[in-house]
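First the structure, in the form of structure tokens, and then the observations on it.
Keep in mind that the numbers below use all heavy atoms, side chains included, and drop hydrogens, waters and symmetry copies. As the structure lists them, so they are numbered: ligands from 1, and atoms in each ligand from 1.
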Amino acid sequence: MSWTTMKLLPLVCLCLLTRSGTTFADEHGSGVVRVVVKEGSDAILPCSLSTKENAEEKLFDWKKDGGKEVFFYVGGFHYNNGRPGQDQQFKGRISHFQDELKYGNASIIIRKTKVTDSGDYTCDFPLLQPRQILKIQLVVGASPEPSVKILNETKDWALLQCEVNGASPKPTVEWQDSAGNKLPAEEPQVSERGGSFYIILQTTVMKTDNYHCVATQEEIKHQIYVETYVFISEKLFEDTYSRGDVIGWFFSGFSLGALTVLVLLVATKFITVRRNKGSREQRNGYH
Ligand SMILES: *[C@@H]1O[C@H](CO)[C@@H](O)[C@H](O)[C@H]1NC(C)=O
């Protein structure tokens with residue numbers, strides 16, 4: 001292997017620090033609870049009596065969008081043990097938490113949510129004095145977490161790819177640096193299957209930083225991101241090439257910060273470096 005070949009070895013390290021987060025904006029202000037779930041997962045719609053009093057003998061009624069019957073409970077009698085009237089959309093998919101009722105907790109769970117379950121729900125205790133109605137907004141179809149990988153790398157840049165699979169409604173996807181600045185990126189590749197969007201976005205970075213791939217769904221005020229730390233050892237190796245003495249470089253005063261990188265790289269390449277020293281000196285003769 002010649003020095004030239006060695007020089008082309010990837011000197012970029014993609015460190016494996018990846019983190020993700022989700023933020024929800026509450027556009028309705030206080031009073032409306034917002035629940036955001038991925039399509040197909042279960043959603044718990046929370047509802048508790050402010051007094052925490054026992055609700056086992058009470059009447060409560062969950063409705064969707066002002067009318068559809070979701071779950072009705074009165075003193076132990078409900079849609080899952082014979083009471084008729086539940087909307088077809090929710091048949092067999094709703095449960096309450098029997099053991100929680102004594103703490104005034106009338107939350108329900110919707111299993112295998114569909115995009116059409118999105119909407120405004122109310123949890124109503126109509127006979128209570130004062131009457132208690134809670135509003136819960138359910139959003140189904142939030143973007144799944146993007147996945148991030150390095151496609152290509154050289155000593156001074158890395159090509160990053162972000163992939164969002166099956167988001168609905170269509171999200172905007174962008175790359176950001178750690179300061180939140182949008183990075184120039186290739187035109188996103190967008191495809192649609194069964195109402196879900198698949199988006200791939202690539203960008204080339206040339207600096208060590210913490211990069212974010214951010215998927216935003218404006219309509220449902222939903223944002224999710226994945227964070228990736230990219231380390232590019234650019235400076236160090238430019239220095240190496242210009243100094244013209246590998247061994248000299250190796251033992252010269254490198255900063256403590258660079259030490260970790262050196263240990264990793266040199267450990268694997270030192271032998272090659274030594275073996276190629278001769279050809280490298282020849283190469284330097286051209287300058
Ligand atoms: C009500 O019960 C549900 C299901 O167990 C639980 O997730 C929720 O935290 C409970 N709410 C309160 C206020 O305890």
| said: Listing request: all salt bridge (charged side-chain N to carboxylate O under 4.0 Å, His left out) pairs with a residue in residues 35-52, at least two apart in sequence or in separate chains. | reply: none
| Which pairs count as ring pair (Phe, Tyr, Trp, His ring centres under 6.0 Å) when at least one residue sits in residues 175-208, sequence neighbours excluded? | none
| said: To the nearest 0.5 Å, what is the distance between CG on Leu151 and OG1 on Thr203? | reply: 11.5 Å
| Salt-bridged, Lys170 to Glu192, with N to O below 4.0 Å? | no
| query | Side chains of Gln217 and His222: is there a donor and an acceptor less than 3.5 Å apart? | reply | yes
| said: Given a heavy-atom cut-off of 4.0 Å, could you list the residues near ligand 1 in chain and number order? | reply: Ser48, Phe97, Glu100, Asn105, Ser107
| request: Could you identify which residues cluster with Tyr103, counting Ile, Leu, Val, Met, Phe, Trp and Tyr as linked when any side-chain heavy atoms lie under 4.5 Å apart, either directly or through a chain of such contacts? | output: none
